[in-house]
Amino acid sequence: PRRLSSAMRGRRNRMMRTSVVAPPPVQPRIISRDLSHRIRELVPESKMYADLLTFEKKLDYNIMRKRLDIQEALKRPVKRRCKLRIFITHRFYVGHVGVGPEKSIEPSWELKVEGRVLDDSKPPEGTAAPTGTTGTAAAATTATAETKPTPPPRKFSSFFKNLVIELDKDMYGPDNHLVEWHRTSQVEETDGFQLRRKGDKPVKCTIFLMLDNQPPQYKLDVRLARLLGIHTQTRPDPNEREFINCDACLTQIFEVPRMKFSEIPQRLQGLLMPADPIVISHLISNDAVERAKTSCYDLEIDVDDTLKQQMNAFLLSTASQQEILSLDSKIQETIQTINTLKTRREFFKKFSDDPHDFIHRWLLSQNKSTREVSGNREEERKATFYDKPWTREAVYRYFYGKVEQMRAELAQALG
């Protein structure tokens, strides 16, 4: 008994030191969607199903390739060229001297800067300002919106980083002749800009518009711009490949005879300057009294192509994927049912061909299976059956389970 207790103690310690490993998750059985050769022999029409599977594989390959192409295309900016029509409208208001309790009104003028993108898919609606849209144009716009829903147009201010209106410095002084608007993170987009000042004389003004290009665009240094259009004889250093030997043009631009490839981006920073603003010179004439006078300017800009939104929607769409998964599940269930029916058919066909031989073989098979499940009871009646290595291990396991059960009961009783 003492030796048995020592063995049980060692077995218990080894089992307590062994970490408990969770059983691996049961993987779902993957059922092939291909029909077996036997089924194709029994049902010749199943060849059409095999052709559909082949076509599906080709279609999946092409769709996957197109998805990869779209993902690569989305990494590059997808832009299209269009026109931004800018409307500059000014109007003078006549003042008058008040009589009695009526207040006097000084003459003034008003300047508006507005614009919209011209859609190339339909003819322009004329050169009238947005605020003066005619009834026919409004009706045409309404009819188009009813036939085809379109996303809301971009606000005019979203195309620019900043806007500066410079008035005549002699008329308004050095402190009041500039009107500036700059984009910030809290700015609210607007369809236009409006400026109102007092005065009854013609005013010369200059409008500076800085485009908000995405990705940003820069103006190159004159020397670098001249270099990019010509072929040079700059060569990598034959001994040290990470260096380049500058020719006369590069030496003049970078001011070094020799530099590393990794230094080029840093040295290019000093040669990139902000792009030039769009400058519009406008005369606010006083002949437009109590009526608006509009001037139009067309500007070429790059805007995001609507195709990019469609490509994003295609990549993010999951409705078709859910439907495809549902259909695949139904196909697998159908294939499983077909295989089950094939097994039944073969079972009954063998029985119908030779009932006597079929039943004899079936009974032999069942007898063998029964022996494997129940074991050899005649051999288990003999003592030599238990004189094997597994017997000692089974005894250890039995006593260890009893000890653990008594320990759990004792811990439960003690609280």
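In terms of heavy-atom proximity, Leu283 sits nearest to His90 at O-CE1, 3.7 Å. Shortest non-hydrogen contact noted between Met171 and Pro202 is SD-O, 3.8 Å. Closest heavy-atom contact between Lys155 and Ser158: O-OG, 2.5 Å. Between Pro265 and Ser262, the shortest heavy-atom contact is CD-O, 3.5 Å. Shortest non-hydrogen contact noted between Asp298 and Arg85 is OD1-NE, 2.7 Å. The two atoms that bring Leu167 and Arg197 nearest to each other are CD1-CG, 4.2 Å, heavy atoms only.
With sequence neighbours excluded, no residue forms a salt bridge (Lys or Arg N to Asp or Glu O under 4.0 Å) with Arg196. Listed by chain and number, the residues in a side chain to side chain contact (heavy atoms under 4.5 Å, CB included) with Gln405 are Lys402, Glu409 (sequence neighbours excluded). With sequence neighbours left out, the salt bridge (Lys or Arg N to Asp or Glu O under 4.0 Å) criterion links Lys349 to Asp353. Scanning for salt bridge (Lys or Arg N to Asp or Glu O under 4.0 Å) contacts around Lys350 gives an empty result, with sequence neighbours left out. Contacts of Phe156 classified as ring-ring contact (aromatic ring centres under 6.0 Å, His included), with partners at least two apart in sequence or in another chain: Phe160. Residues forming a side chain to side chain contact (heavy atoms under 4.5 Å, CB included) with Lys342 (at least two apart in sequence, or on another chain): Ser36, Arg38, Ile39, Glu346. Partners of His177 by ring-ring contact (aromatic ring centres under 6.0 Å, His included), not counting sequence neighbours: none found. Remark: Arg267 engages Glu263 in a salt bridge (Lys or Arg N to Asp or Glu O under 4.0 Å) (not counting sequence neighbours). Every residue meeting the side chain to side chain contact (heavy atoms under 4.5 Å, CB included) condition with Ile70, not counting sequence neighbours, appears here in chain and number order: Leu74, Met311, Phe314, Leu315. In this structure, the side chain to side chain contact (heavy atoms under 4.5 Å, CB included) partners of Leu178, at least two apart in sequence or on a different chain, are Val164, Glu166, Glu180.
The number of heavy-atom neighbours closer than 6.0 Å to CD of Gln366, taken from other residues, nucleotides and ligands shown, is above 12. Crowding of Glu300 atom CD: a count of heavy atoms from other residues, nucleotides or ligands under 6.0 Å exceeding 12. More than 12 heavy atoms of other residues, nucleotides or ligands shown are found within 6.0 angstrom of CG on Asp51. The local environment of CD in Glu41 is crowded, with over 12 non-hydrogen atoms from other residues, nucleotides or ligands closer than 6.0 Å.
A distance-only check finds no donor-acceptor pair linking the side chain of Thr89 to the backbone of Lys112 [under 3.5 Å]. With Thr337 contributing its side chain and Glu333 its backbone, the two residues share a donor-acceptor pair below 3.5 Å. Checked by atom type and distance alone, the side chain of Asn62 pairs as donor or acceptor with a backbone atom of Lys58 at under 3.5 Å. Judged by distance alone, with hydrogens and angles left aside, the side-chain atoms of Ser329 form no donor-acceptor pair with the main-chain N or O of Leu325 at under 3.5 Å.
Between Ser326 and Lys330 there is a side-chain heavy-atom pair separated by less than 4.5 Å. Proximity of Val113 to His282: side-chain heavy atoms (C-beta onward) are nowhere separated by under 4.5 Å. For the pair Leu111 and Val203, the minimum side-chain heavy-atom distance is 4.5 Å or more. Looking at heavy atoms from C-beta onward, Gln336 lies out of side-chain contact with Gln332 at the 4.5 angstrom threshold. Using a 4.5 Å cut-off on side-chain heavy atoms (C-beta onward), Leu68 and Gln71 make contact. Tyr93 has its side chain within reach of Arg91: a pair of non-hydrogen atoms, C-beta onward, lies under 4.5 Å apart. When side chains are defined from C-beta on, Ile284 counts as touching Cys205, because their heavy atoms get closer than 4.5 Å. Contact of the Leu52 side chain with the Met48 side chain is not registered, since no non-hydrogen atoms from C-beta on lie closer than 4.5 Å.
For the atom pair OH (Tyr49) and CD (Glu56), the distance works out to 8.0 Å, reported to the nearest 0.5 Å. Here Asp354 contributes atom CG and Ile359 contributes atom CD1; the two are 9.5 Å apart, rounded to the nearest 0.5 Å. Considering CD1 of Ile338 and OG1 of Thr334, their distance stands at 6.5 Å, rounded to 0.5 Å. Interatomic distance, CD1 of Ile88 versus CD1 of Ile207, reported as 3.5 Å (0.5 Å rounding). In this structure, CZ on Phe87 lies 11.0 Å from OG on Ser295, to the nearest 0.5 angstrom.
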Practice prompt. Walk me through it: do Leu299 and Leu211 pass the test side-chain contact (heavy atoms from CB on, under 4.5 Å)?
Written response: CA-CA 10 Å; Leu299 177 64; Leu211 286 174; 4.0 Å; yes
Discussion item. Go through it in stages, so that I can follow the logic: the residues are Leu53 and Leu35, the test is side-chain contact (heavy atoms from CB on, under 4.5 Å), and I'd like the CA-CA distance, side-chain angles, deciding distance and then a yes or no.
Written reply: CA-CA 10 Å; Leu53 285 180; Leu35 295 175; over 6 Å; no
Practice prompt. Could you please spell out the steps behind the side-chain contact (heavy atoms from CB on, under 4.5 Å) verdict for Ile278 and Ile86?
Written response: CA-CA 12 Å; Ile278 300 165; Ile86 301 176; 5.7 Å; no
Discussion item. Let's go through Leu118 and Arg116 carefully: what are the C-alpha distance in whole Å and the side-chain angles of both, what is the deciding distance for side-chain contact (heavy atoms from CB on, under 4.5 Å) to 0.1 Å, and is it a yes or a no?
Written reply: CA-CA 6 Å; Leu118 299 182; Arg116 68 170 182 268; 4.2 Å; yes
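Classification of the Trp109-Tyr172 ring pair by plane angle, with boundaries at 30° and 60°, yields perpendicular.
For residues 178-199, the set of pairs meeting the ring-ring contact (aromatic ring centres under 6.0 Å, His included) definition, not counting sequence neighbours, comprises Trp181-Phe193. Residue pairs meeting the ring-ring contact (aromatic ring centres under 6.0 Å, His included) criterion with at least one member in residues 336-359, sequence neighbours excluded: Phe347-Phe358, Phe351-Phe358.
The existence of a salt bridge linking Glu189 and Arg183 is confirmed by a sub-4.0 Å separation between a basic side-chain nitrogen and an acidic carboxylate oxygen. Salt bridge annotation for Glu404-Arg407: present, with a cationic side-chain nitrogen under 4.0 angstrom from a carboxylate oxygen.
Tested against Leu209, the residues Leu84, Asn162, Ile280 include a single side-chain contact (heavy atoms from CB on, under 4.5 Å) partner, Ile280.
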